[in-house]
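Only one structure is covered here, and it is reproduced in the block below.
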Amino acid sequence: AYGCVFFVAVGFAGAQLTSWIMFPYTVDAGELLTGARQSGSCSATMTFARKSSSALVIFLFSLVLEFTGYNADLSVQPQSAQNGIKYVMAFTCMIFMIFGWLVARKYVLTRENNAKVEKYLSISREGKLSQLSKEELSELERMPIDKGGLYKKFTELELNSFIAKFKLSKSDIDESAEAKNEVKET
């Protein structure tokens, strides 16, 4: 029994640490992708997700206890409540750990990728991305930062909303961006 508890503890420790191991890379990759360092937003999103999921799990577990006949006034719980607790603890943890593993597999975090992000982030901070060779640009485009194009979809959605709100045309925004770049160069 103690051996089983040890392995479960090691598994949970890994699950808890993984998100914090990924955090700095995510912030760096986000800065490379967007040009803005948004550590606070990333931290807030992660904290909100953890708190929300904890609240949801506690609520769902209380429903399971209610449906299986748990009674806080009893010193010994009925067999149905004991089985409900066992099954929830065994199977839901396993199911969510497998789901988390499947999702995390798509997040490619290697020393090589981290070194590339740091390299291109440094170049970006120096304002020298335009001086990259064709090979470096190709490598940058192939990096596993935003494979699903989520940022591009979000920014297009945001841009369309901005255009609609202020009744602008896309050419107005392009001209404004060009003027801003000219000011930066001088």
Side-chain angles (χ1 to χ4, degrees), residues 5-61 89-162 173-174 176-177 180-181 183-185:
V5 170
F6 172 77
F7 285 112
V8 169
V10 169
F12 278 114
Q16 294 295 319
L17 285 174
T18 300
S19 59
W20 291 109
I21 290 169
M22 294 165 61
F23 183 78
Y25 176 81
T26 303
V27 172
D28 287 347
E31 182 179 355
L32 183 60
L33 191 64
T34 66
R37 188 147 187 97
Q38 300 173 347
S39 327
S41 296
C42 290
S43 179
T45 301
M46 192 163 74
T47 301
F48 177 74
R50 291 180 79 157
K51 297 281 186 183
S52 300
S53 60
S54 293
L56 180 64
V57 166
I58 290 168
F59 171 71
L60 293 175
F61 193 72
M89 293 303 289
F91 295 115
T92 56
C93 289
M94 186 172 34
I95 289 167
F96 284 116
M97 293 291 260
I98 290 169
F99 175 73
W101 176 72
L102 290 171
V103 170
R105 279 185 26 189
K106 294 183 179 211
Y107 194 91
V108 183
L109 179 57
T110 63
R111 288 183 181 173
E112 180 184 325
N113 284 343
N114 192 43
K116 287 178 185 177
V117 167
E118 287 178 4
K119 170 188 167 186
Y120 290 116
L121 187 55
S122 174
I123 292 169
S124 174
R125 286 175 179 161
E126 293 171 4
K128 297 181 180 178
L129 281 177
S130 61
Q131 298 172 6
L132 292 176
S133 68
K134 287 183 181 180
E135 293 81 23
E136 288 173 318
L137 282 172
S138 176
E139 179 183 54
L140 182 58
E141 288 174 1
R142 288 190 318 266
M143 287 182 63
I145 292 176
D146 189 26
K147 284 196 174 213
L150 185 63
Y151 176 72
K152 183 178 180 188
K153 290 174 190 169
F154 176 75
T155 52
E156 285 173 1
L157 227 156
E158 194 176 67
L159 180 63
N160 290 337
S161 170
F162 183 80
I173 292 179
D174 292 338
S176 174
K180 188 177 178 182
N181 288 335
V183 170
K184 276 187 179 179
E185 292 173 2

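Bear in mind that the values here come from a model prediction, so they are computed numbers and not experimental data. Residue numbers run from 1 in the order of the sequence given.
R111 contributes atom CZ, which lies 15.5 Å from atom NZ of K116 (distance to the nearest 0.5 angstrom). Rounding to the nearest 0.5 Å gives a distance of 5.5 Å between CD1 of I123 and CD of E136. A distance of 10.0 Å separates CG of L121 from CG of N114, quoted to the nearest 0.5 Å. A distance of 10.0 Å separates OG of S53 from CZ of F48, quoted to the nearest 0.5 Å. Separation of atoms CZ (R125) and CG (L32) is listed at 9.5 Å; rounding is to 0.5 Å. Taking OG1 of T92 as the start and CG of L60 as the end, the distance is 9.5 Å to the nearest 0.5 Å.
The number of heavy-atom neighbours closer than 6.0 Å to CD of E112, taken from other residues, nucleotides and ligands shown, is 12 or below. More than 12 non-hydrogen atoms from other residues, nucleotides or ligands lie less than 6.0 angstrom from CE of M94. Residue F23 places its CZ atom among more than 12 non-hydrogen atoms of other residues, nucleotides or ligands, all under 6.0 Å distant.
Here the side chains of Q38 and V27 are not in contact, with every heavy-atom distance at 4.5 Å or above. Within the 4.5 Å cutoff, no side-chain heavy atoms of M46 are placed close to those of T26.
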Task: Test log, rule side chain to side chain contact (heavy atoms under 4.5 Å, CB included), inputs V57 and F96 - done: CA-CA 11 Å; V57 166; F96 284 116; 5.7 Å; no

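The backbone N or O of E118 lies less than 3.5 Å from no partner atom in the side chain of S122, so there is not a single donor-acceptor pair. A donor-acceptor pair under 3.5 Å is absent between the side-chain atoms of S43 and the main chain of S39, judged by distance alone.
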